[in-house]
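If you're wondering where the values come from, they're calculated on a predicted model, not measured in any experiment. Per chain, numbering begins at 1; letters A, B, ... match sequence-line order.
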Amino acid sequence: MEYKFKEIESKWQKKWAAEGTYKVTEDPSKPKYYVLDMFPYPSGAGLHVGHPLGYIASDIYSRYKRLKGFNVLHPMGYDAFGLPAEQYAIQTGQHPEVTTEKNTARYREQLDRIGFSYDWDREVRTCDPAYYKWTQWAFLKMFDSWYDPAKNCARPISELVERLSTEGYEDITPQIWNSASEKEKSDILMRWRIAYQGETSVNWCEGLGTVLANDEVKDGLSVRGGFPVEQKKMKQWQLRVSAYAERLLEGLDRLDWSDSLKEMQRNWIGKSEGTEVVFNVECDGKTTPVTIFTTRVDTIFGVTFMVLAPESELVGTLTSAAHKDEVDAYVKEVRKKTERERISETKSVSGVFTGSYGINPLTGEKVPVWVSEYVLAGYGTGAIMAVPAHDSRDYAFAKKFNLPIVPIIEGCDVSESSFDAKEGKMCNSGFLDGMDVKQAIEAAKDYAEANGIGHRKTNYRLRDAIFSRQRYWGEPFPIYYKDGIPTPVDEKDLPLALPEIDSFTVSSNGEPPLARAKDWTYKGWPLETSTMPGFAGSSAYYLRYMDPHNSEALVSREADEYWKSVDLYVGGTEHATGHLIYSRFWNKFLYDLGYVCCDEPFKKLINQGMIQGRSNFVYRIVGTNTFVSYGLKDKYETTEIHVDVNIVHNDRLDLEAFKAWRPDYADAEFVLEDGEYVCGWAVEKMSKSMYNVVNPDDICDSYGADTLRLYEMFLGPVEQSKPWDTKGIDGVNRFLKKFWRLFYDRDGWCVTDQEPTKAELKALHKLIAKEQEDIENFSYNTTISAFMIALGELGDCHKRAILEPLTVLLCPFAPHIAEELWEALGHTQSCTKATYPEYVEAYTVEDNVTYPVQFNGKMRFTVEMPKAATPAEVEAAVRQLPKTAQYVGEQSIVKVIVVPGRIINIVVK
RNA sequence: GCCUUGGUGGUGGAAUGGUAGACACGAGGGACUUAAAAUCCCUUGGCCCGAAGGGGCUGUACGGGUUCGAGUCCCGUCCGAGGCACCA
C-alpha cells in the first residue's frame, strides 16, 4: 500500500476541524504552556514558503508540549488594520474591510493546508469591533492615568488631580490649579497623562498623508510605500513610553531572548548616565543660566565653546542684537531641511556664532556660544558644552570655525582627530590632574554635586510614541471635543465603531478621512478624526487570546492567572524596536493598574530567520530568441533574464514549460549542454518580480504538508536566514515513504507483535533522548537527522512495540501521517493526545566500550573496557599499554578521566 | 564609526575542548526492470602511496597563542550579514 499523502492530509485536517481536536480550555489540573506566533498582516500576495517557517517551528513545539502533558494555548489571528488595504482602497474604491476579509480567507486556507494545531475558536482580528473595543479601552485607561515617579508606576489621574488641588505638583501650585479654567486644567493634565495630546515635531509623510512612528521610517523614506518623510510640527496623540524607559531596560535582564535582540532594545532605549551642569551665559549684559547635559564632566576643563540646537527655545534669548539676523537666517535654513537632507549631509559641518558667552562654572573662563544643527533639540537639554579635544563632533566643528582645542589627557595627540577614548591620565584639569579618566569621571560628578554646579542625571533616547494617524483603516479614538476640550467617550459606549465614508482619501481641507463621515459626533460634539497606528492593535493581542469572547473585560482575572504570559514567542527580528517595545510598555501599563498579573509579556523569544529566494536565470543571446545554457553562455554575448523557478528543476529548465510561460518565448530556441538547459542562480529576496516565489500550496500538492513541514525544518537552524531551494526536498519525502513502509509493505499491513531486540530498543531510545533534547533547544534539523539514522538502524523492523512510540515521536513534525498510522495501529483517540514515550537509559547503555587513548596528540591506542569500569580500572588498563604510552620523557600518567563513548582524557604531571 | 552576529566539501548543514564533514541534496558507479518511475547497494573534502586489503599527508577565512589535544577558548587581521548612527 502506498503513502497517499493527499488523501491522508485532507482526511485528518477535516477530522481535526470537525472534532475540535485543538480546542483548549483552562484546566487547572494540568500545567499550562503558551506558544505564540506573531500574527500576520493578511496581504494580498498570500503566503509564500518563507512565511510558515516560524509557524511550523512553534507548531512542533506546541505539539511536543501537548504530548508531554501540558495544556497548550496555541492561537492564531490577524493584524488586519493597516496601510496596504487602505492604499488599495484609495486606488480602487474597494472598502478595506472587503479586501481584508478576502485576504484573510486566503491566508486561512493556506495555513489550514499545512496542518497547524491552532485553536481557531480563539482567533482574533484587530479590525473586529469586538476586539478593538479593548484597544480603545486601554487607550482610555492610559488617558486616565499618569506616571507617578515616587511609586514608579502608573496611577489614576484622579490622584494627581487631588494632589494638584491640595498640595500642588511640580510648578503647579494649588492656587494655579484651583483658579484654572476647564480648558487650562485639561492642558495642565496633558503634561502627565500616559496617553496625551501634544505638539511635536513628527515624521510627516505627504505621499501617505499621515504621520509615521520612528520605526516606520527608514533613511528618510516610509517603510510602507517608500515615500519621502519630512519633519512637521503637529498636535498629536502620544503615549508616554519614555516614562517606562528604565523598567523596559531593566526588564530585559529577566527575559530569555537572544542577546542581539536585547542589545537592539537597549540601544533603542539608549540610557546614558551623565551630569547636568549650569553655565551662566552673558548676552548683551544680561545673564541667563543654561543647563547642559554631558556624560563627560571630567572634560570640563577642556571646554572651549558651547552649542545650542537650532530649535532650542534659548536661541532667541541668547542671541545678541548684533548677530540676530545671521542666527535667524541660519535657523530658518535648518528648519527648511527635511530629515532626509539632514541625514545625507551628516558629514558637512554648519553653524553660526550667537554673540553671547558662557562662563565655565569651574574655571570661570568665558567661551563663545554657537548654534549648530549637530546638536539635537529633542535630546538632553538641547545645549552642550563642547570639548573638541575629546569629542569627534566638537572637533570637526572647532576645526571648521577655528576654535581652540585644549587637550586634557596626558600625551594624547589631537593634531589630526579628537581623542575620544576613556583612558589615560588627566592634565590641565585642576583638581583632576593625575587621575585616571574613569576615576576622574566619578570625581568630577561628585565635585559638581558637592559645589552646586550640577547634578547627576540619566537620559534616555527612547521617545514617546506618536499615536495618531491621519488614516481611515485603524481604530477610532474614543475621544470627543467638548468645547474644544479632549474628553473621553463613556466606557459603556465602546466600541466606538469606524463610520462608513464615501472615499478613503484625505479630505479637501487636509483633514483625515474620518472627517468625511456623516455625523461623526458624540453627544453632539465632534469626535477625533485621526485613528490609531498599526501597533495599537498588536500591543495586547496575546492577552485577548486568553479569553477572546469575554465582553466584560479584555481578559478575565481567572484566564489571566491561569495563562499568565507567553512562554514562547516566535517571530521575526524586524519587530525589535517596534511591536516588541510597545507590547512590553502596554503590558507594564496594564500590570500597573492591576489588569494583568505579569510584568513582562514574552518570557522566551525565538527569532526565526528569513527565507530568501533562490532565483534562476536564462541567458538570451542579444538580439535573438535563442537561449544558451549556463556553461556555454560566455561564448556569446547574452542578457541575463529571471525565469520562474517553478519551471526549473535542479537548475535544469523545463523547455516546454518555458515556451508556454510567456508568448514571446513560444518559439524560443536553445543551445544545450549534454542535452539539457542549465540555469544560473542567485540568492535574492523572495518576491514576485524575481520570479522566485514558491507557494506552499504547490509544495503541498506535489509532496504533502508533512514533507513541507519536515523540509522547512531540515533546511537548517530556525534562527538562521537561508535561501529556499526546493531541490533537497526529495530527501525528507523519501524518509516519510520509508517510514510508511515500516507499516505497509507491498502486500499491505505488516506490523507484528514480536518482541523487539536489544538493538531495536536502543535505536528507539537513543532517538527519544535526542528528540527531547533537540526540541527543547529548537534544533529541529538535527532531530530529523536523528530520525533518519534511527530508521537506518531499525532496518526492516515491523514490530508494534517499536513502531508505536516511533509514531508518537514523529507526530509533532508530521502530524498527518502520524495520525493515519496511529489509527491503523488500532487507536481510537488522536495521536496528538497520546503520551510521550518515556526514555529508558538502560536500553542505550553499552556493555563494552572501546576507548581510544590519545597521548601527546600522536600515539593512539584503544582499550576495551566494560561500560561500568571505574576510572581507576581504566587507568590500570592504560598502564598495561606499551611503555611509550605511559611514559614520555619525564612525564608520567597520574590520572585518567573516562568520558563514556569518547576518548580518555589523560592528565599528566 | 559603534553594537550584535557569522565565515566548515559542489550545496544545505552536523560536531558538551576529544577520530572534523553526521544527516540530506547533488554527482559518479552498480542491482532490479523490455523501458521508465519507484526502490536498494557502493563511492564521494583535497593530495599521494599500494595489484588489493589497506596506508600516509593535508584540511574548518588568515596570522599568532593557551592546551597532551582547538572548527570550538584567547589576541590580532580580512571578509559577509543585521541593527544603531551627529544621543554630547
Side-chain angles (χ1 to χ4, degrees), chain A residues 2 218 258-268 270-272 274-275 292-297 299 306-307 309 342-343 345-349 372-376 378-387 390-394 396-397 420 459-463 573-574 576-577 607 609-610 612 614 650-651 681 710-711 714-717 719-735 737-738 741 746 773 779 781-792 851-860 862 888 891 893 897 899 901-908:
Chain A
E2 240 184 290
K218 206 178 152 100
S258 72
D259 289 338
S260 64
L261 196 80
K262 286 193 201 177
E263 205 50 38
M264 271 190 234
Q265 290 215 342
R266 285 195 190 104
N267 283 339
W268 192 258
K271 179 177 183 170
S272 80
T275 314
I292 60 96
F293 176 74
T294 177
T295 52
R296 295 289 305 274
V297 233
T299 60
M306 291 173 70
V307 189
R342 279 221 204 176
I343 288 166
E345 288 168 15
T346 296
K347 298 280 175 305
S348 73
V349 178
S372 171
E373 61 175 326
Y374 87 86
V375 175
L376 304 176
Y379 184 78
T381 59
I384 63 155
M385 64 178 211
V387 186
H390 303 290
D391 182 289
S392 52
R393 297 151 304 180
D394 298 344
F397 195 82
D420 292 9
N459 267 329
Y460 299 91
R461 230 149 81 188
L462 184 71
R463 313 280 177 85
T573 174
E574 67 272 18
T577 53
N607 287 121
M610 283 232 288
Q612 294 133 307
R614 188 178 185 277
N650 291 337
D651 291 337
W681 62 275
L710 278 171
Y711 187 53
F714 191 64
L715 269 177
E719 287 103 322
Q720 199 171 302
S721 285
K722 56 233 153 190
W724 176 270
D725 185 355
T726 310
K727 145 172 121 174
I729 201 166
D730 287 319
V732 289
N733 189 238
R734 265 173 219 151
F735 160 73
K737 287 187 200 160
K738 219 188 247 179
R741 281 201 305 273
R746 211 164 303 162
E773 193 193 327
S779 176
N781 55 334
T782 52
T783 318
I784 297 169
S785 294
F787 249 108
M788 291 170 173
I789 295 167
L791 244 52
Y851 296 104
V853 179
Q854 233 183 141
F855 194 63
N856 274 4
K858 290 287 174 195
M859 283 152 285
R860 192 178 298 157
T862 58
V888 173
Q891 298 178 327
I893 300 166
I897 299 164
V899 183
R902 300 254 180 181
I903 267 178
I904 292 175
N905 191 5
I906 304 166
V907 179
V908 293

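Under the ring-ring contact (aromatic ring centres under 6.0 Å, His included) criterion, A:F397 pairs with A:F305, A:W370, A:Y374, A:F401, not counting sequence neighbours. Evaluation of the salt bridge (Lys or Arg N to Asp or Glu O under 4.0 Å) rule for A:R614 yields A:D651, A:D725 as partners, not counting sequence neighbours. In terms of the salt bridge (Lys or Arg N to Asp or Glu O under 4.0 Å) criterion, A:K727 has no residue partners (sequence neighbours excluded). In this structure, A:F714 has no ring-ring contact (aromatic ring centres under 6.0 Å, His included) partners at least two apart in sequence or on a different chain. Taking A:N733 as the reference, A:Y703, A:T707, A:K737 meet the side chain to side chain contact (heavy atoms under 4.5 Å, CB included) condition, with sequence neighbours excluded. Scanning for side chain to side chain donor-acceptor pair (under 3.5 Å) contacts around A:S721 gives an empty result, with sequence neighbours left out. By the side chain to side chain donor-acceptor pair (under 3.5 Å) test, A:K738 pairs with no residue at all, sequence neighbours left out.
Among the heavy atoms of the strands lying under 4.0 Å from A:P717 are primed sugar atoms or P, OP1, OP2 only; no base atom is included.
Across all strands shown, B:rU11 forms a Watson-Crick or G-U wobble pair, both distances under 3.5 Å, with B:rA24. Across all strands shown, nothing is found opposite B:rA51 as a Watson-Crick or G-U wobble partner with both distances under 3.5 Å. B:rA37 makes up no base pair with any nucleotide shown, lacking Watson-Crick or G-U wobble contacts both under 3.5 Å. Summarising the base pairing, B:rA85 is matched to no nucleotide, lacking a Watson-Crick or G-U wobble pair whose two defining distances lie under 3.5 Å. Pair assignment for B:rG18: B:rC68, on the basis of Watson-Crick or G-U wobble contacts that are both within less than 3.5 Å. Both distances falling under 3.5 Å, in either a Watson-Crick or a G-U wobble arrangement, place B:rG63 opposite B:rC75. Of all nucleotides present, only B:rU58 satisfies the Watson-Crick or G-U wobble test against B:rG45, with each distance under 3.5 Å.
Anti is the conformation of B:rG28, whose glycosidic angle sits further than 90° from 0.
In this entry the distance linking CG of A:D725 with C1' of B:rG13 reads 13 Å, nearest Å. Across the protein-nucleic acid pair, A:E574 atom CD and B:rG83 atom C1' stand 13 Å apart, rounded to whole Å. Between the CD atom of A:E719 and the C1' atom of B:rA81 there is a distance of 16 Å, given to the nearest Å. Rounded to whole Å, the distance from CD on A:Q612 to P on B:rG12 is 11 Å. Rounded to an integer number of Å, the gap from A:L791 CG to B:rC40 P is 10 Å. With rounding to whole Å, A:Q720 atom CD is found 13 Å from B:rG80 atom C1'. Atom NZ in A:K722 sits about 16 Å away from atom P in B:rG82, given to the nearest Å.
Comparing the P positions of B:rU8 and B:rC62 gives a spacing of 10 Å, expressed to the nearest Å. Only the P atoms considered, B:rU11 is 29 Å distant from B:rG55, to the nearest whole Å. Distance noted for atom C1' between B:rC86 and B:rC78: 29 Å (whole Å). Nucleotides B:rA36 and B:rA31 are separated by 12 Å at their P atoms, to the nearest Å. As rounded to the nearest Å, B:rG59 and B:rA15 have C1' atoms that lie 16 Å from one another. Nucleotides B:rA22 and B:rG80 are separated by 26 Å at their C1' atoms, to the nearest Å. Using P as the reference atom, B:rA24 and B:rG17 are 26 Å apart when rounded to the nearest Å. For B:rG53 and B:rG69, the P atoms lie 34 Å apart once the distance is rounded to whole Å.
In this structure the side chain of A:Y711 never reaches within 4.5 angstrom of the side chain of A:F735, judged on heavy atoms. Between A:R296 and A:D391, every side-chain heavy-atom pair lies at or beyond the 4.5 Å cut-off.
The side chain of A:Y374 contributes no N or O atom lying less than 4.0 Å from OP1 or OP2 of B:rA88.
In A:M610, the CE atom is not crowded: 12 or fewer heavy atoms of neighbouring residues, nucleotides or ligands sit closer than 6.0 Å.
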Heavy-atom contacts, protein to nucleotides 1-8 of chain B, under 4.0 Å, summarised as B (base), S (sugar-phosphate only) or - (none) per nt, yield --SS----

For each nucleotide in nucleotides 21-34 of chain B, reading 5' to 3', give B when a protein heavy atom comes within less than 4.0 Å of its base, S when such contact involves only the sugar-phosphate, and - otherwise. -BBSS---------

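Checking B:rU39, B:rC84, B:rA88 against every side-chain atom of A:R461, the shortest atom distance belongs to B:rC84.
The residue among A:M264 and A:K271 whose nearest nucleotide of RNA chain B is located toward the 5' end is A:M264.
In this structure, the side chain of A:D394 engages the main chain of A:V387 through a donor-acceptor pair within 3.5 Å.
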